[in-house]
J.: 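Below is one structure. I have some questions about it.
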Amino acid sequence: MLRHLVSTLLITVSLAVAARAEDPRELLVESEARHRSKTLSYAGELTVHSKEGKVRTKGWRSYREGYAGDAKVLVRFLSPPEVRGVGFLSLSRPGKSSDQWLYLPSMKRERRIGAQDRDASFVGTDFSYEDMEEFDHKRYDLRLKGEENLDGQPCWVIEAVPQEEGGRSTFARRLLTLRKDNLYLVRQEYYQTGETSPAKRLTLGDLRETHGRWIAHRLEMSSLKKGSRTVVVLKDVVFDKPHPSERFTLLNLTREEGD
Amino acid sequence: MKRRAALLTFILLAFPALNEAGETLLTGVASVSGARFHKGATEEDRGSATAILDVKAVKPLDGLYLTAALRLRDSTDGRYSWSLDPLDDEPDPSAIALRELKLRASPIPALDLEAGRFELGWGKTDGYSPADAFLPRDLTDPFSEEKLGLWGVRISGQRENLRGELVASPFTTPWRFPEPGSRYLPLPFPRKFIRETVGDPPDGGFAALRALVNVEEWDLGLWARTGVLPAPWLEFVQTPYGFAPTRRFTRETGVGVEVSRLIGTGVARAEAALLDPEAYAPGDSLIVALGFEHPLPEGTLLFTWAKAFTRGGEEDAIPLDRALLPLFISALHHQPEWGSVRLVWTAGLRHGDGVVKLETGYDLTENWKHTLTIDQPYGPRSGPLGRLRDAARIAAALSYSW
């Protein structure tokens with residue numbers, strides 16, 4: 001009888017331990033709650049390293065309001081001189097592709113751009129237009145793949161597969177690596193259909209706590225097949241400061257002197 | 001020469017002085033280029049060299065923005081005159097061109113007021129836009145169309161997804177054209193017998209109103225304008241010495257619509273304009289333009305078709321803002337990591353003539369760029385583009401930007 005009781009207790013404890021395995025959706029929801037800000041603005045310096053070793057640098061200011069399906073993004077290029085004043089405006093629409101426009105100072109007018117070509121390179125970098133949008137986990141099926149130690153930090157690894165087949169995402173699946181201590185996304189790997197090794201890898205480093213929030217001040221997107229990589233360094237990061245009401249408008253997009 | 005040196009010295013000191021104030025943002029491009037022309041029937045040199053310096057200063061002033069942009073240029077072909085032309089209404093382009101000098105204020109976030117000299121860009125279709133065609137241009141180099149600024153005021157506002165724009169200019173900035181009889185405007189009689197007459201535009205300028213709205217995949221616009229049309233029409237008046245080209249100007253009223261819509265991975269664009277000139281000679285016109293843009297992995301492919309349907313008018317009168325119509329333009333823009341490639345084919349559909357332009361830019365560094373351009377007209381000389389065959393050229397340029 002005692003043996004039976006011990007067995008029952010062992011089984012019960014095992015089941016309880018199994019039940020405590022993390023739910024990937026809950027992890028991402030918690031991550032969003034901790035790190036999602038209502039607004040964000042920063043100055044970015046972007047460096048593209050080509051496979052041949054050529055280096056190009058661009059400077060921009062970025063403003064965001066909202067998140068994922070209701071996000072508004074305005075990017076204004078500051079350098080090099082030939083792109084200075086170029087503006088990019090993206091307004092998300094729930095369940096649909098974002099509305100995007102580009103303002104070109106040489107033409108003195110804005111032009112609508114096709115948001116559907118989301119795998120196109122964003123201004124010659126390793127980031128695509130899809131990468132410029134916020135990751136919306138609600139549009140993905142999630143599975144906890146396991147755990148990993150990354151740069152000495154214990155992490156969760158979550159697999160995300162787009163819910164729409166042949167839909168809005170240009171990748172068949174992603175692997176998201178979240179630090180266990182602060183649930184910050186520190187790596188994202190992008191896989192194309194049928195591939196076992198990633199086509200692109202985004203690593204987020206130089207984590208700092210700014211105004212009570214953690215944010216990576218260094219992002220590196222590597223195109224593993226092309227052999228190039230793009231590094232973005234963030235400066236002057238400001239969270240949750242309300243944007244002027246007209247910031248994310250076409251009128252403001254055409255103000256090449258300043259927002 | 002002394003006046004040139006004094007002007008240059010003043011200007012080159014003034015812009016750095018603006019920068020010394022601390023907040024002024026100073027940017028610019030300096031370029032030198034050389035062109036070699038096809039050996040044709042004209043007596044002009046087969047080569048020319050040009051130097052251009054563009055400088056722009058933007059200074060924030062307590063919620064206002066002051067913008068000044070100046071262009072200095074000279075060429076061995078003697079195209080530029082060293083005279084000050086602040087209204088930009090002389091037939092020959094000045095070596096010193098004030099491109100912008102404007103003050104912008106936003107009394108409320110959704111409203112902009114601009115006054116001074118500025119450039120405008122209206123319309124949706126690429127290469128040719130009837131909404132944009134009423135704005136002043138310099139076509140002294142027909143292969144490098146240059147937009148001119150205009151003096152006036154502009155009020156722009158936005159409420160929700162509706163935008164409005166009102167522009168008024170008290171002066172007319174006429175379009176510029178090449179010297180008649182030159183390789184850029186060949187005529188079927190000897191140059192020495194050509195005596196061009198340029199009529200004065202009517203007094204006053206123009207006013208224009210534009211309303212834009214974006215609804216999901218659609219961008220829609222309506223515009224109306226009235227005033228002096230800066231593009232003249234050309235008449236050939238017989239004289240004892242031959243035919244003398246005469247540029248005449250008229251007032252015109254126009255209304256138009258502009259539309260763009262996302263379709264698949266691309267963007268379709270369309271415009272239509274009804275134009276009613278005061279003078280009889282150019283005729284009333286309906287101008288239609290259709291365009292499509294298809295994205296490519298590192299660039300875009302653009303198509304535009306435009307045609308004018310004219311009623312009345314005189315057959316010998318050539319309205320120069322629509323002289324090339326009907327036309328078809330296709331343009332390929334490719335931006336690999338080393339620079340840019342642009343291939344543009346402009347086909348005149350009436351005469352079967354056209355121009356093929358190939359431009360490649362190589363980024364030597366972030367600031368230095370090397371550009372090679374080939375302009376090759378083709379087709380019968382009876383067409384407006386085919387007659388430029390003697391102006392076929394290859395040009396190389398080196399530029400530095402900061």
Side-chain angles (χ1 to χ4, degrees), chain A residues 48-52 54-59 78-85 91 93 96-97 99-121 123-126 128-129 226 228 243-247 249-259, chain B residues 25 27-29 58-60 65-67 104 106 108-112 118-124 126 129 132 147 156-158 160-161 163 212 214 216-219 260-267 269 293-298 300 335-338 361 363 365-367 369 399-402:
Chain A
V48 181
H49 300 260
S50 73
K51 186 173 67 173
E52 295 80 20
K54 207 168 184 181
V55 177
R56 297 185 187 286
T57 306
K58 286 182 172 60
L78 307 175
S79 62
E82 63 180 0
V83 299
R84 181 177 189 93
L91 304 177
R93 285 188 284 144
K96 297 186 180 181
S97 298
D99 292 327
Q100 296 180 338
W101 295 266
L102 207 60
Y103 174 77
L104 301 172
S106 57
M107 295 180 68
K108 301 291 182 197
R109 65 183 193 186
E110 82 283 355
R111 56 194 294 113
R112 169 87 72 148
I113 55 177
Q116 289 84 347
D117 198 25
R118 297 164 76 244
D119 65 346
S121 161
V123 294
T125 70
D126 295 281
S128 66
Y129 282 92
K226 270 172 55 181
S228 59
H243 288 297
S245 57
E246 305 305 320
R247 170 154 278 161
T249 62
L250 287 167
L251 177 66
N252 193 44
L253 178 65
T254 62
R255 291 170 176 155
E256 57 186 85
E257 308 95 350
D259 300 295
Chain B
L25 175 67
T27 59
V29 182
V58 178
K59 186 172 179 63
Y65 284 92
L66 174 65
T67 302
R104 173 168 75 81
S106 300
I108 57 175
L111 188 70
D112 280 353
F118 48 86
E119 290 180 22
L120 274 187
W122 279 18
K124 302 247 184 303
D126 299 289
S129 162
D132 199 58
K147 252 193 175 166
S156 314
Q158 178 156 0
E160 303 288 335
N161 59 344
R163 275 185 298 159
L212 299 162
N214 60 284
E216 297 193 349
E217 295 92 359
W218 293 88
D219 287 317
S260 75
R261 190 190 191 280
L262 293 175
I263 295 182
T265 58
V267 183
R269 300 185 171 99
E293 177 180 349
H294 179 72
L296 298 173
E298 287 179 319
T300 54
Q335 286 187 288
E337 57 184 42
W338 49 263
D363 297 329
T365 67
E366 296 288 342
N367 304 94
K369 183 170 184 171
S399 63
Y400 177 82
S401 54
W402 69 94

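Just so it is clear: chains get the letters A, B, ... in the order the sequence lines come, proteins before strands, and each one is counted from 1. Excluded from the calculations below are hydrogen atoms, water molecules and symmetry mates; all remaining heavy atoms, backbone and side chain alike, are included.
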J.: So what's closer than 4.5 Å to chain A heavy atoms on E298(B): side chain, backbone, both or neither?
T.: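 Neither part; nothing is under 4.5 Å.
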J.: What pair of heavy atoms forms the shortest contact from A110(B) to L251(A), and how long is it?
T.: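 Here A110(B) and L251(A) meet closest at O-CD2, 3.5 Å.
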J.: When you look at N252(A) and Q158(B), which way does the side chain to side chain contact (heavy atoms under 4.5 Å, CB included) test go after all the steps?
T.: CA-CA 9 Å; N252(A) 193 44; Q158(B) 178 156 0; over 6 Å; no
J.: If only atom types and distance count, is the side chain of E366(B) paired as donor or acceptor with the main-chain N or O of T57(A) below 3.5 Å?
T.: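 Side chain of E366(B) to backbone of T57(A): a pair is present.
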J.: Go through D126(B) and R111(A) one step at a time and tell me if the side chain to side chain contact (heavy atoms under 4.5 Å, CB included) criterion holds.
T.: CA-CA 10 Å; D126(B) 299 289; R111(A) 56 194 294 113; 2.7 Å; yes
J.: Measure across D363(B) and K54(A) and return the closest heavy-atom pair with its distance rounded to 0.1 Å.
T.: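 Closest pair (atom of D363(B), atom of K54(A), distance): O-NZ, 3.5 Å.
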J.: Testing the basics here: between R112(A) and E216(B), what is the closest heavy-atom pair and its distance to 0.1 Å?
T.: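 The pair with the smallest heavy-atom distance is NH2-O, 2.8 Å.
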J.: Can you tell which part of V55(A) gets under 4.5 Å to a heavy atom of chain B, answering side chain, backbone, both or neither?
T.: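 For V55(A), the backbone is the part near chain B, not the side chain.
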J.: Can you name the nearest heavy-atom pair linking S106(B) to R255(A), along with the distance?
T.: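 Closest heavy-atom pair between S106(B) and R255(A): OG-NH2, 3.8 Å.
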J.: Once side-chain contact (heavy atoms from CB on, under 4.5 Å) is applied, do any residues pair with E256(A), and if so which ones, sequence neighbours excluded?
T.: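 For E256(A), the residues satisfying side-chain contact (heavy atoms from CB on, under 4.5 Å) (neighbours in sequence not counted) are Y103(A), P105(A), K108(A), K56(B).
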J.: For E160(B), I'd like to know if atom CD has over 12 heavy atoms of other residues, nucleotides or ligands within 6.0 Å.
T.: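 Atom CD in E160(B) is not packed in, count stays at 12 or less.
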J.: Supply the atom-to-atom distance L212(B) CG to E110(A) CD, rounded to the nearest 0.5 angstrom.
T.: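 Between L212(B) CG and E110(A) CD, I get 7.0 Å after rounding to 0.5 Å.
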J.: Verify whether one side chain among D219(B) and W101(A) offers a donor that lies under 3.5 Å from an acceptor in the other.
T.: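 Yes.
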J.: Of the backbone (N, CA, C, O) and the side chain (C-beta and beyond), which part of S399(B) lies under 4.5 Å from a heavy atom of chain A, both, or neither?
T.: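 Looking at S399(B), nothing touches chain A.
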J.: What's the shortest heavy-atom distance between R109(A) and G121(B), and which atoms?
T.: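 Looking at all heavy atoms of both residues, the shortest contact is CB-O, 3.5 Å.
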J.: First locate atom OG1 of T300(B), then atom CD1 of I113(A), and finally report the distance between them rounded to the nearest 0.5 Å.
T.: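 Those atoms lie 10.5 Å apart.
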J.: Heavy-atom pairs under 4.5 Å with chain A are the metric here; pick the option from K147(B), E119(B), R261(B), Q335(B) that has the most.
T.: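 Most heavy-atom pairs within the cutoff with chain A belong to E119(B).
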J.: Can you list everything that forms a side-chain contact (heavy atoms from CB on, under 4.5 Å) with P244(A)? Sequence neighbours excluded, please.
T.: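 If we apply the side-chain contact (heavy atoms from CB on, under 4.5 Å) test to P244(A), skipping adjacent residues, the hits are R247(A).
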J.: Please classify the contact between R269(B) and chain A as side chain, backbone, both or neither, with a heavy-atom cut-off of under 4.5 Å.
T.: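 Just its side chain gets close to chain A.
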J.: So what's closer than 4.5 Å to chain A heavy atoms on N161(B): side chain, backbone, both or neither?
T.: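 Nothing of N161(B), per the 4.5 Å heavy-atom cut-off to chain A.
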J.: Minimum heavy-atom separation for N214(B) to L250(A), with atom names?
T.: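 Closest pair (atom of N214(B), atom of L250(A), distance): OD1-CD1, 3.7 Å.
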J.: Distance from L120(B) atom CG to M107(A) atom CE, nearest 0.5 Å?
T.: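 Answer for the CG-CE pair, L120(B) versus M107(A), is 13.5 Å.
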J.: With heavy-atom distances below 4.5 Å as the criterion, would you say the side chains of N367(B) and P81(A) are in contact?
T.: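 Yes, close enough: below the 4.5 Å cut-off.
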J.: So for W338(B), is it side chain, backbone, both, or neither that comes closer than 4.5 Å to the heavy atoms of chain A?
T.: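 Contact with chain A: backbone and side chain both.
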